[in-house]
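By convention in this document, chain letters (A, B, ...) are assigned in the order of the sequence lines, proteins followed by strands, and residues within each chain are numbered from 1. Note that the structure is predicted; figures quoted are calculated from it, not measured.
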Amino acid sequence: MEVTASDLDNLKATELRLGLPGIDAPEKPAPVSPRGSKRALLVSNEECWPGKNKSPEADSGGQEAQPMAKAQVVGWPPIRSYRKNSFKARKEEMEAAGLFVKVSMDGAPYLRKIDLKVYQDYKELKEALDNMFRCFSTGELSGMQGCNGSEYAITYEDKDGDWMLVGDVPWEMFMSSCKRLRIMRRSEATGMPSSP
Amino acid sequence: MTYFPEEVVEHIFDFLSSHRDHNAVSTVCKAWYRVERLSRRSVFVGNCYAVRPERVVARFPGVRSLSVKGKPHFADFNLVPDDWGGFALPWIEAFARGSPGLEELRLKRMVVSDECLELLARFFPNFKVLVLISCEGFSTDGLAAIATHCRVLRELDLQENEVEDRGPRWLSCFPDSCTSLVSLNFACLKGEVNAGALERLVARCPNIRTLRLNCAVSVDSLSKILACAPHLVDLGTGSFTIDHPAEAYHRLINNFTKYKSLKSLSGFWDASPRCLPAVYPICGNLTGLNLSYAPAIQGADLIKLIRLCLKLQRLWVLDCIGDKGLAVVASTCKELQELRVFPSDVCGAGTAAVTEEGLVAISSGCPKLNSLLYFCHQMTNAALVTVAKNCPYFTRFRLCILDPGKPDPVTNQPLDEGFGAIVQSCKDLRRLSLSGLLTDQVFLYIGMYAERLEMLSIAFAGDSDKGMVYVLNGCKNLRKLEIRDSPFGDAALLEDVGKYETMRSLWMSSCYVTLKGCKTLAAKMPRLNVEVINERDESNEMEENPSDLRIVEKMYVYRTVAGPRNDAPDFVWML
């Protein structure tokens, strides 16, 4: 959201404070952590009165602040701890486990395995693949859109078993649907003539 | 009718099925009271602190089946501190002393220790049925005691309990002579299970109809177990992931095709979609399906499965089913009565998985729908009005918009009109949970229209005391009211103090009620227990004359004939 000149003049906008931006209510002291409670007490519920979060037009960045409020309300959403815990455990397992996929390259005598979670975006992935398979290729690998004139295309097998060109979908979506990678010679890729 | 011999009256009372009818006839006259109390076989105690266990035993010496509930409902969401109370031990001890003929015990939200289970195992020779729901405090050692000593055990049903795992030996404690099991549910146990012992147990219990396994049971084991239990009606699968595809998978497929009687399926922990085709043959018979613990089953796999379930009446899924998936449910499951859609991303900050569209689709495709629990990212008044029109038979309607206090995103209005439409249209509504942006207006509607309402859950709603007063004045059948983070204070609390004696309980947390208000209520109504729960470490403050005007963090009020309880921890003040 745009910050107007008057906002800049208003020191309040730059004031560092606890709580969500745009809330003008006086600071309430956060409660001491509860006795004997297994759960971590997060932000006080009083910060999250709907009355105070109304009129997002008046706030700059008030809307982005909303998800923060959600995550910090104790006992919300109202899901049984049993269910919450079983998902948390699963999630932690998955996060720790990494997302290892096989990478094959046409002509290379062996495959490699990489952890997709280590990379933030396609650029990093491409660099990593370049490094890994440099010894097997003469030039740079490329499979991304907009790259011409290279010998290889980077493809992946998705959840449905189809072979897709890497780079079309958002990174997150790619990560969740990629089952394995194949660095394919362009001459093999249908409809793509090999470049000199 | 008082001229009939007592045996005849007793015989007539045997036909009464509901607790309420029993309670009603017992108040007619002394003779009926006497007959009723001696003939009563089943007692339901909705609040364990409403009456002393000894009194129940004394009044109903012939009781065979006891159900008791402990902690307030909001304990499910961590709003009640751990040591608040709800102990099962006094109940079991009282019955062990006075009524050891007890055969069935059902406990919900109570603290059950291993000692409790050992008492049950040793002092009740005819003990047949144990059902524990959302309980805690026991371990697999306690289960071992039950398995070892309960000779005629028919049902061991553990639902969503926190159980300490002390190893797999408990299952092996069922003696070879135990052949009476009809229902075994240990899905909530986290630990390993002795596969061989389990297979042998199932094999020697010919009457087993319900079997819910935990995530430690492999597909391999599942295959063997299924082979021994051909008449299963309700199955909770184990892990349902396949390590060695071919053999185990084919065995599973073969076994499932035999199961004509299987009506209900759950479990699917860590299920890999590759296993799903194994269950396709029986999908057409299913009336109940619970996939809410299977985040890996999504998209095309999920939809393919749903399309086969033409007779489904009860469906529990995660919101990754999406609005599109719900549209498939709507077009396939015409018999659907109960739907629960749980959030898969518990932080609620992810992609919008289901919205009002999914709910509207369901309502138009499934007119028999009467029970709903729906977690979504947004809801509109228009959608709720449509749902109300399409499904007038709701008895339970629980809507949870993940963002507290969120308005209708299309009109930016509160959701008063939408919920108003629901309560007006659904004349049999017994349970309602509200969410989203709501003003006092919605409570006016609830007070006006929700005549049969028994339980109401309110969070982040309302503008003033008037809201709560509308509800207290209007809902004649209200039994349980639970409120959090809403601007209701002493004036609302004290508006009609007599009302609380007609209700089981009232919970208010993070509202505007003060200590003075609570004390006033307690003083006026001696037959209510008014509990103030203070978790902050304020021992210093307390000594220095606590201000009565201070806002109370959590308050729990309930009617009781047992007086103030003697097992309350320090942070609970009994006023």
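A distance-only check finds a donor-acceptor pair linking the side chain of A/R83 to the backbone of B/S292 [under 3.5 Å].
Residue B/L318 touches chain A through its side chain alone, counting heavy-atom pairs closer than 4.5 Å. B/C188 touches chain A through backbone and side chain together, each having a heavy atom under 4.5 Å away. Heavy atoms of B/K190 lying under 4.5 Å from chain A belong exclusively to its side chain. Neither the backbone nor the side chain of B/L373 comes within less than 4.5 Å of any heavy atom in chain A. Residue B/A300 does not touch chain A at all, counting heavy-atom pairs closer than 4.5 Å. If you measure heavy-atom distances from B/N161 to chain A, the contacts under 4.5 Å come from the backbone alone.
Counting heavy atoms from C-beta outward, A/R80 and B/N78 have side chains that stay 4.5 Å or more apart. Contact of the B/D76 side chain with the A/P78 side chain is not registered, since no non-hydrogen atoms from C-beta on lie closer than 4.5 Å. Inter-residue side-chain proximity for A/Y82 and B/S134 is flagged as unmet; no heavy-atom pair is nearer than 4.5 Å. Side-chain contact check for A/N85 versus B/E162: some heavy-atom pair is nearer than 4.5 Å.
Evaluation of the side-chain contact (heavy atoms from CB on, under 4.5 Å) rule for B/R431 yields B/H73, B/R396, B/R398, B/M455 as partners, not counting sequence neighbours. Under the side-chain contact (heavy atoms from CB on, under 4.5 Å) criterion, B/P407 pairs with B/N412, B/L437, not counting sequence neighbours.
Checked options B/F74, B/F375, B/F460, B/F77; the residue passing with A/W76 is B/F460 (criterion: ring pair (Phe, Tyr, Trp, His ring centres under 6.0 Å)).
Atom NZ of A/K102 is surrounded by 12 or fewer heavy atoms from other residues, nucleotides or ligands within 6.0 Å.
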